[in-house]
> 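Okay, handing you the structure first.
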Amino acid sequence: MKLDLNTLSLKELKDLQSQVAKAISGYEDRRKREALAELDEKAKAMGFSLAELMGITAGRKRSPSMAKYANPANAADTWSGRGRKPRWFSEALAKGKKPDDMAI
């Protein structure tokens with residue numbers, strides 16, 4: 001396939017450039033997936049997982065946190081005590097309430 005680039009407008013050239021970039025990216029992604037699949041098969045044939053050979057460890061899985069505090073004005077509005085304090089919790093503390101007063 002031979003294109004005469006001199007006959008194309010600037011818009012057509014930019015469109016062509018975009019299409020070429022997408023095609024290159026897609027090709028590289030396909031080749032990476034094929035290589036990973038091939039390596040994974042080889043590792044399994046030898047009795048290992050690819051992640052094990054690469055030294056990749058599974059991330060620590062956290063259990064969902066349970067709610068510890070409830071909004072006095074709306075009991076459905078809860079907070080686990082992790083992360084940023086909700087506005088209702090901070091406002092209640094400012095009004096003199098203690099965290100134990102809002103504990104579930």
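Below, each value reflects all heavy atoms present in this structure, side chains not excepted, and no hydrogens, waters or symmetry copies.
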> Check this for me, if you would: do R31 and E34 make a salt bridge, where the nitrogen-to-carboxylate-oxygen distance has to be below 4.0 angstrom?
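Salt bridge present between R31 and E34.
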> Which atoms form the tightest heavy-atom contact between P72 and M102, and what is the distance?
CG-CG, 4.0 Å
> What do the steps show when you test K44 against D40 for side-chain contact (heavy atoms from CB on, under 4.5 Å), and what is the final call?
CA-CA 6 Å; K44 283 181 183 175; D40 192 41; 3.5 Å; yes
> Test L53 against L39 for side-chain contact (heavy atoms from CB on, under 4.5 Å), laying out the working first.
CA-CA 10 Å; L53 292 175; L39 291 173; over 6 Å; no
> Applying the 4.5 Å side-chain criterion to the ILVMFWY set and letting contacts propagate, would M66 and Y69 be lumped into a single cluster?
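Different clusters: M66 never reaches Y69 through Ile, Leu, Val, Met, Phe, Trp or Tyr contacts under 4.5 Å.
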> Could you give the distance from CD (E91) to CG (N71), rounded to the nearest 0.5 Å?
9.0 Å
> So which heavy atom on W79 is nearest to which on R84, and how close?
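What the structure gives for the nearest pair is NE1-O, 3.5 Å.
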> What is the minimum heavy-atom distance between L50 and A43, and which atoms define it?
N-CB, 4.1 Å
> Say you draw a straight line from OG1 of T78 to CH2 of W88; how long is it, rounded to the nearest 0.5 Å?
7.0 Å
> Please determine which of L8, D15, L10 meets the side chain to side chain contact (heavy atoms under 4.5 Å, CB included) test together with E12.
L8
> With heavy-atom distances below 4.5 Å as the criterion, would you say the side chains of R33 and D29 are in contact?
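SC-SC contact between R33 and D29 confirmed.
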> Could you give the distance from NZ (K95) to OG (S90), rounded to the nearest 0.5 Å?
12.0 Å
> Output the distance between atom CD (E38) and atom CD (E41), rounded to the nearest 0.5 Å.
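Answer rounded to 0.5 Å: 7.5 Å.
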